[in-house]
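Note sheet for the following structure.
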Amino acid sequence: MIAIASDHAGYALKGMLIDHLKERGVPVEDLGCGGEPVDYPLYADKLCRAIVEGKYERGILVCGTGIGMSIAANKIPGIRAALCGDCFSAEMSRQHNDANVLCLGGRVVGPELAKRIVDTYLDTGFSNGESHIRRIGQIRDLEK
Ligand code: RB5
């Protein structure tokens with residue numbers, strides 16, 4: 001099960017991504033917003049805390065640029081959020097960084113590119129390479 005959340009600026013893209021995920025048979029839960037003007041850090045917090053608590057395997061956050069969501073998400077210990085505007089970054093975010101949150105900019109990427117980025121992100125596993133495990137451990141150390 002994955003979670004998705006957005007602010008008002010990411011709301012339209014979020015809806016398209018939910019439809020896409022359902023078509024793909026990926027179980028997804030929408031944690032808001034409902035399109036009304038909201039503050040993105042609150043939604044980043046809600047989704048990321050649920051991931052850290054183990055309620056969801058991974059999450060997708062959408063705001064206007066994806067920047068605010070990624071800044072907020074990466075403040076939460078245990079979260080490795082990747083802002084991606086291309087498929088290569090999405091692939092590397094999983095293989096090298098084991099990113100557990102994908103951030104997208106609803107005012108930056110079009111729906112078709114966003115769907116491909118999401119597919120790449122969801123379909124790519126962590127490499128389990130020794131150097132990447134070590135570096136992720138070093139990131140965890142930064143949280144202390
Ligand atoms: C909201 O207008 C906008 O600032 C927000 O969606 C996001 O782009 C912030 O990083």
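FYI, side chains are in, hydrogens and waters are out, and symmetry mates aren't considered; it's all heavy atoms of this structure. Index from 1, following the sequence. Both counts, for ligands and for their atoms, begin at 1 and track the order of listing.
Among all protein heavy atoms, the one lying closest to atom 8 (O) of ligand 1 is Thr65 N, 3.0 Å. Looking only at protein heavy atoms, the nearest one to atom 4 (O) of ligand 1 is Tyr40 CE2, 4.5 Å. The nearest protein atom to atom 1 (C) of ligand 1, hydrogens excluded, is given as His8 NE2, 3.7 Å; this is a heavy-atom distance. The nearest protein atom to atom 2 (O) of ligand 1, hydrogens excluded, is given as Arg107 NH1, 3.5 Å; this is a heavy-atom distance. Closest protein heavy atom to atom 10 (O) of ligand 1: Gly68 N, 2.9 Å.
Between Asp7 and ligand 1, at least one pair of N/O atoms sits closer than 3.5 Å. Between Ile67 and ligand 1, not a single N/O pair is under 3.5 Å apart.
Under the 4.5 Å side-chain heavy-atom criterion for grouping Ile, Leu, Val, Met, Phe, Trp and Tyr, Met16 is not connected to Leu113 through any hydrophobic cluster. Cluster membership check: Leu31 shares its hydrophobic cluster with Val52, using side-chain heavy-atom separations under 4.5 Å among Ile, Leu, Val, Met, Phe, Trp and Tyr.
Proximity of Cys63 to ligand 1, defined as any heavy-atom pair under 4.0 Å, is shared by backbone and side chain alike.
With a 6.0 Å radius and a threshold of 12 heavy atoms from other residues, nucleotides or ligands, Arg80 has its CZ atom above the threshold.
Nearest heavy atoms, Tyr121 versus Asn100: OH-C, 3.0 Å.
We find that Asp19 and Lys22 are not joined by a salt bridge, their nearest charged nitrogen and carboxylate oxygen being 4.0 Å or further apart. With respect to the salt-bridge test (charged N to carboxylate O, under 4.0 angstrom), the residues Arg140 and Glu143 do not qualify.
The Ala9 neighbourhood of ligand 1 comprises atoms 6 (O), with distances under 4.0 Å to a heavy atom of that residue. The distance from ligand 1 to the heavy atoms of Gly64 drops below 4.0 Å at these ligand atoms: 5 (C), 6 (O), 7 (C), 8 (O).
Side-chain atoms of Val109 and Cys84, non-hydrogen and from C-beta on, never get closer than 4.5 Å to each other.
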